[in-house]
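Written out below as structure tokens is the structure these notes cover.
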Amino acid sequence: IGLKFSELNKVVEGFMRGGAIIHIGDLQWLLESASCSVQYAVSEMEQIISRHGGSGRLWLIGTATRQTYLRWQVQNPSFEAHWGLQPVPIAAPITSVELHPRCYAYAVVSSSYLP
């Protein structure tokens, strides 16, 4: 994993002139992984953010279902504030033939680094 973060850091460094978006994917993987792996991934991302985030040209984006997002928020209450993340609810369209409640997804965007 350390090698992958090293590669990611180099890629981000190469794109910082124009800006970079890091897609962290569905937050579900953060809930299902071993806690030491998650802590390592979070600390490595924090290092990348601290190196490149101050430029205003680094954005993070991820997705989660409402349930996953709320579970992640309960388990990691300082995560949003520490990374400057802003949840953006996205409602799925509903048609008249659908009888189930609306599904929601959350896009998690790094607001601290938006220009």
Side-chain angles (χ1 to χ4, degrees):
I1 289 180
L3 193 55
K4 292 292 182 187
F5 279 106
S6 178
E7 290 173 25
L8 177 61
N9 187 50
K10 288 178 185 174
V11 169
V12 169
E13 220 168 76
F15 282 99
M16 285 316 295
R17 193 169 162 188
I21 298 171
I22 299 175
H23 184 267
I24 57 175
D26 188 339
L27 295 179
Q28 184 67 38
W29 71 270
L30 292 169
L31 293 171
E32 294 175 348
S33 300
S35 67
C36 61
S37 298
V38 171
Q39 288 174 347
Y40 179 77
V42 168
S43 72
E44 289 294 314
M45 284 303 300
E46 286 174 356
Q47 288 180 24
I48 291 171
I49 290 168
S50 68
R51 277 188 215 115
H52 307 292
S55 68
R57 296 184 176 179
L58 177 63
W59 300 272
L60 301 176
I61 189 167
T63 58
T65 63
R66 179 183 169 108
Q67 180 181 12
T68 298
Y69 175 74
L70 292 174
R71 280 182 53 212
W72 174 250
Q73 195 175 35
V74 167
Q75 291 179 11
N76 304 280
S78 65
F79 183 71
E80 277 180 22
H82 195 68
W83 282 17
L85 300 177
Q86 175 64 46
V88 180
I90 303 169
I94 189 165
T95 64
S96 59
V97 295
E98 292 177 323
L99 300 175
H100 58 82
R102 289 186 180 196
C103 298
Y104 289 91
Y106 285 84
V108 183
V109 180
S110 173
S111 61
S112 294
Y113 307 110
L114 294 177

**Item:** Same apolar cluster: V11 and W59, side chain cutoff 4.5 Å
**Value:** no
**Request:** Give, for atom CH2 of W29 and atom CG of L27, the distance between the pair rounded to the nearest 0.5 Å.
**Result:** 8.5 Å
**Between R51 and Q47, a side-chain donor and acceptor under 3.5 Å** = yes
**Message:** Just verifying a value: how many Å separate I48 CD1 and K10 NZ, rounded to the nearest 0.5 Å?
**Reply:** 12.0 Å
**Prompt:** For the atom pair CZ (R57) and NE2 (H52), what is the distance rounded to the nearest 0.5 Å?
**Reply:** 13.5 Å
**Fill in**
Between A64 and D26 the two heavy atoms that sit nearest each other are CA-OD1, 3.8 Å
**Item:** Min side-chain heavy-atom separation Q28-R71 under 4.5 Å
**Value:** yes
**Request:** Determine the minimum heavy-atom distance between P87 and Y69, stating which atoms define it.
**Result:** CG-OH, 3.1 Å
**Request:** Report yes if some heavy atom in the side chain of V12 is under 4.5 Å from a heavy atom in the side chain of L8; otherwise report no.
**Result:** yes
**Request:** Please answer: with hydrophobic residues joined when any side-chain heavy atoms are less than 4.5 Å apart, are I24 and F15 in the same cluster?
**Result:** no
**Prompt:** M45 versus I22: any side-chain heavy-atom pair under 4.5 Å?
**Reply:** yes
